[in-house]
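Remarks on the structure that follows.
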Amino acid sequence: MNFKRYILTFLGLLISEVLLAQFSTSGFGTGTQSTNNFPQGKTTDKAKSPTGRAGVDDSTKVIYGPTSTKYFLEEDVFNNRKKLYTIDTTIGEGHNFNFVQRYRNMYQDLGNIGTAIRPIFFQAPEQIGTMLGYDAYTLYAFKPNQVRYFNTRSPFTNLVYVTGGNTQDLLQFEFSRNVDSLWNFSINLQRIVSNKQLVTSSTSTNKNALGHWDFMIHTNYQTKNRKYQLLAYANLSDHNSNDEGGVLPQGRSYDLILQQGNNAAILNNAATRDKFYNLHLYHEYVGYKAFQVYQVLDYQTRKVQFRDPDYIANWTNGFYPIAYDTLGKASRYTTNAAVTGKMKLDSLYNESQYSIFEHKSGIKGFYRGFNYRLHLRQRFFGFTNPLYNYSISRNENFLGVWLNQYFKDSTRAFAELEYLLTGSDFKLNVEFQGKWLNIGGKAMSTSPTLVQQVTFNDGFRWDKNTTAFVTDRGISNNMQTYHAYASASPKFGKLTLRPSVDINLINSYIYYDTLAFVKQATEDIAIFRAGLGMDLRKGAFSTISQLYLTTTTGPDLIRIPKIFASTRLAFDLLYKKKLFIQTGLELHYKSNYYADAYMPVIQQFHLQDKQMINGYLQADAFADMRINRVRLFFKFANVAQGILGNGYYAAPGFLGMGRTFGFGLQWLLFD
């Protein structure tokens, strides 16, 4: 509560400062920015500070807007691409505030914004080495490749507020201001809240489903001679959720539950907290274009907790498949009173503590279209399970090389290789990017996560270092993935087609079985996916469509819908030359499949054979609007409910969001 009050007070003071800045006739001084990296304004008053650095002119002499505020990404600096982006003022995406729809329905959540989320299609790990493995909520946190580093000619504010229906609320606040022409300071804030869907009129539990905070301060600085540049941020992410476990069947079929209201949840008092602090810094020194020195530093502390005070009751009703008695022996679900009497009567509790320091140091450069990077990456991490009295600390060392060649026709080819010196982890990636054809391949060998190696609580136990738990052992073998892909984007007038093909071969696949225990496959799995996208614009009408057909061979351990289809039909309107409107309909369909279920104790999705997630055509009507620098949207989600069906399941046991009306606002301030 104190933290919330602090943030709200800080936000109020910050907004007050922003509003004062709108009416200020003088700022941090006057001056102009160098044209070396950032564009010139039309008219500025020049004044130098004692240090020789130009100040920022935010007087009323210049009319500021989206073209006067530029930002860049760390990835572009890292790859020697001096690319600047302008603020996006187009309409058409504002209504996709939900993270599933924001990522083109390629993810599965639990029906509410901010709930546990996973990709629909198989994705290989992004990094090699030993990772933590708790990833159910990491999609909602700020990431290094998403941070927008600004160079502003005036104070810039971006305010987004969404109320998505059924108490789904999203607040995003971004403020940026240059101290002078060389140094920028920015603040980002994100708040996500939603209510439970499975609360009956007789339930007295807390109706809040979750609350998620992200708070970031970031800065970028470069010296006057442009030789040295620094990008840095500090981020706090705090996720709190009251886990429901899915709908309580009460002797009814899942199809019948869709037709009836007053549905109760399995878990009434379970809760998760996932909190971490992260410090990130990138800096480089450019001696010559062909020889530069760079370094990336990261430090993170993280604590993941889960508690269910109704552990025995929820073990008895079958939600937790295994319980361990006071002697540490496993008992599968049973109503035997003699066995139940041996159970621990306190709550089920799981906790993991994690800290990591990592640096990537190396050299890079470019010459006549050829880019290269060489690096040494070191990770020092510690992991503790206090219930098990288990603690480890370890370091891992990696060597890597990245090569890239640009050709005269703007096509490029690149290859990268990274290798773990003290293990068998490696990553190899090659790709050719043409004007309308991309083709590439990736091979990886990745270590099991820390959660896959060691987990200990009253419901789930395994340890790769001991045979004390008989067959319930952690995984120590690496998983290998081989991915080949190709895509094209030929244009035929106003029509663009996007055919694609993906082939994944997976060896020693690590998964969680129907009991949510970690296992490793002994047979190879192959996944074949063919896709076809289509973009068409004709006059005021436009459509964007995507179709994927997927099949798998080998053991049935990766469940993917065979048919995946999405389309958007939209019309652009202009009212009195001031109000821009795009209105239309978005449709999405996935065929029947046994989607993975979610186990909140260990934050993992796992196999299940109890509930088929039936195909359902989801339809959302929307209207996105823009007038000057304000963007609005209105959204009527799941408009086909009651016409094409009574609803759908977003995940096993979790109903998808019903018919709701949402509204959102984005306000951009540049002066």
Side-chain angles (χ1 to χ4, degrees), residues 37 72-83 85 123-131 143-147 149 220 227-232 280-298 356-379 395-435 437-447 478 480-487:
N37 288 324
F72 58 94
L73 303 175
E74 180 179 315
E75 181 181 12
D76 293 324
V77 177
F78 190 42
N79 292 328
N80 291 314
R81 295 195 298 260
K82 300 298 184 181
K83 187 174 182 180
Y85 303 87
Q123 289 185 4
E126 295 181 0
Q127 293 190 42
I128 61 175
T130 307
M131 309 303 292
K143 298 176 180 60
N145 62 351
Q146 297 174 337
V147 179
Y149 293 97
N220 67 88
K227 294 287 188 180
Y228 177 79
Q229 187 167 10
L230 179 146
L231 315 175
H280 175 85
L281 182 146
Y282 171 84
H283 61 149
E284 66 177 25
Y285 179 79
V286 181
Y288 303 95
K289 289 183 178 181
F291 185 82
Q292 307 166 24
V293 181
Y294 72 91
Q295 187 176 60
V296 185
L297 301 174
D298 279 285
I356 179 173
F357 171 75
E358 177 176 304
H359 80 87
K360 179 193 289 187
S361 304
I363 58 174
K364 65 188 180 81
F366 65 95
Y367 180 73
R368 292 186 177 179
F370 176 73
N371 286 29
Y372 75 92
R373 286 200 307 266
L374 302 172
H375 74 257
L376 167 67
R377 182 163 69 98
Q378 292 184 297
R379 302 176 71 242
N395 71 288
E396 296 177 331
N397 302 298
F398 307 83
L399 285 179
V401 58
W402 180 88
L403 304 173
N404 179 81
Q405 178 65 58
Y406 283 100
F407 300 97
K408 292 182 179 180
D409 59 354
S410 298
T411 61
R412 65 184 288 249
F414 75 88
E416 64 174 330
L417 171 65
E418 188 175 46
Y419 181 73
L420 175 62
L421 296 179
T422 55
S424 56
D425 287 35
F426 71 88
K427 176 175 69 175
L428 173 64
N429 186 21
V430 294
E431 183 172 347
F432 170 80
Q433 297 180 354
K435 289 184 176 181
L437 175 66
N438 285 5
I439 186 169
K442 180 183 292 186
M444 296 185 70
S445 176
T446 53
S447 297
N478 275 23
Q480 292 84 37
T481 60
Y482 305 92
H483 180 205
Y485 55 92
S487 63

| query | Please walk me through it: do Phe370 and Leu403 pass side chain to side chain contact (heavy atoms under 4.5 Å, CB included)? | reply | CA-CA 8 Å; Phe370 176 73; Leu403 304 173; 3.9 Å; yes
| said: Walk me through whether Arg81 and Glu75 qualify under side chain to side chain contact (heavy atoms under 4.5 Å, CB included). | reply: CA-CA 8 Å; Arg81 295 195 298 260; Glu75 181 181 12; 4.2 Å; yes
| task | Could you check Asn371 against Lys364 for side chain to side chain contact (heavy atoms under 4.5 Å, CB included), going step by step and ending with a plain yes or no? | result | CA-CA 7 Å; Asn371 286 29; Lys364 65 188 180 81; over 6 Å; no
| message | side chain to side chain contact (heavy atoms under 4.5 Å, CB included) for Leu399 and Leu421? Distances and angles first, verdict last. | response | CA-CA 7 Å; Leu399 285 179; Leu421 296 179; 3.8 Å; yes
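The closest side-chain heavy-atom distance from Glu418 to Ile128 is below 4.5 Å. Looking only at side-chain heavy atoms (C-beta outward), Phe366 and Asn79 stay at 4.5 Å or farther from each other. Residues Asn80 and Gln292 are in side-chain contact: their nearest non-hydrogen atoms beyond the backbone lie under 4.5 Å apart. With contacts defined as side-chain heavy-atom distances shorter than 4.5 Å, the pair Phe78/Tyr294 qualifies. The shortest distance between side-chain heavy atoms of Ile363 and Phe291 falls below 4.5 Å. Considering only heavy atoms from C-beta on, Phe426 stays 4.5 Å or farther from Thr446 through its side chain.
With Asp425 contributing its side chain and Ser447 its backbone, the two residues share a donor-acceptor pair below 3.5 Å. Panel note: side chain Ser445, backbone Ser424; a donor-acceptor pair is recorded below 3.5 Å. With hydrogens and angles disregarded, a donor-acceptor distance shorter than 3.5 Å links the side chain of Asp409 to the backbone of Thr411. Here the side chain of Arg379 pairs no donor or acceptor atom with the backbone of His359 at under 3.5 angstrom. Distance alone, capped at 3.5 Å, places no donor-acceptor pair between the Lys360 side chain and the His375 backbone.
Rounding to the nearest 0.5 angstrom, the gap separating the CD atom in Glu74 from the NZ atom in Lys143 is 14.5 Å. Expressed to the nearest 0.5 Å, how far OH of Tyr406 lies from CZ of Phe414 amounts to 9.5 Å. Taken from OG in Ser487 to CG in Leu437, the straight-line distance is 7.0 Å, to the nearest 0.5 Å. Within the model, atoms NE2 of His280 and CG of Leu231 stand 7.5 Å from one another, a figure rounded to the nearest 0.5 Å. With rounding to the nearest 0.5 angstrom, the CD atom of Gln295 is 16.0 Å from the OH atom of Tyr285. To the nearest 0.5 angstrom, Asn220 atom CG is 8.5 Å from Leu230 atom CG.
In the model, Arg377 has no side-chain atom that pairs as donor or acceptor with a side-chain atom of Asn397 under 3.5 Å. Judged purely by distance below 3.5 Å, without hydrogens or angles, the side chains of Thr422 and Glu396 never pair a donor atom with an acceptor atom. With no hydrogens or angles considered, a side-chain donor-acceptor pair links His283 and Tyr228 at under 3.5 Å. With hydrogens and angles left out, the side-chain atoms of Tyr282 and Glu284 include a donor and acceptor closer than 3.5 Å. A side-chain donor-acceptor contact under 3.5 Å links Asp76 and Tyr85. Defined by atom type and a distance below 3.5 Å, a donor-acceptor pair is present between the side-chain atoms of Tyr485 and Glu431.
Residues Glu126 and Lys427 come closest through the heavy atom pair O-NZ, 3.9 Å. Between Ala124 and Met444, the closest heavy-atom pair is CB-SD, 4.2 Å. Counting all heavy atoms, side chain and backbone alike, Asn429 lies closest to Gly441 at OD1-O, 3.0 Å.
Ring pair Phe432/Phe407 is tilted by interplanar angle, where 30° to 60° counts as tilted.
Within a 6.0 Å radius of OH in Tyr367, other residues, nucleotides and ligands contribute 12 heavy atoms or fewer. At most 12 heavy atoms of other shown residues, nucleotides or ligands fall within 6.0 angstrom of atom NZ in Lys83.
Salt-bridge annotation for Glu416 and Arg373: absent, with no side-chain N of the basic residue lying under 4.0 Å from a carboxylate O of the acidic one.
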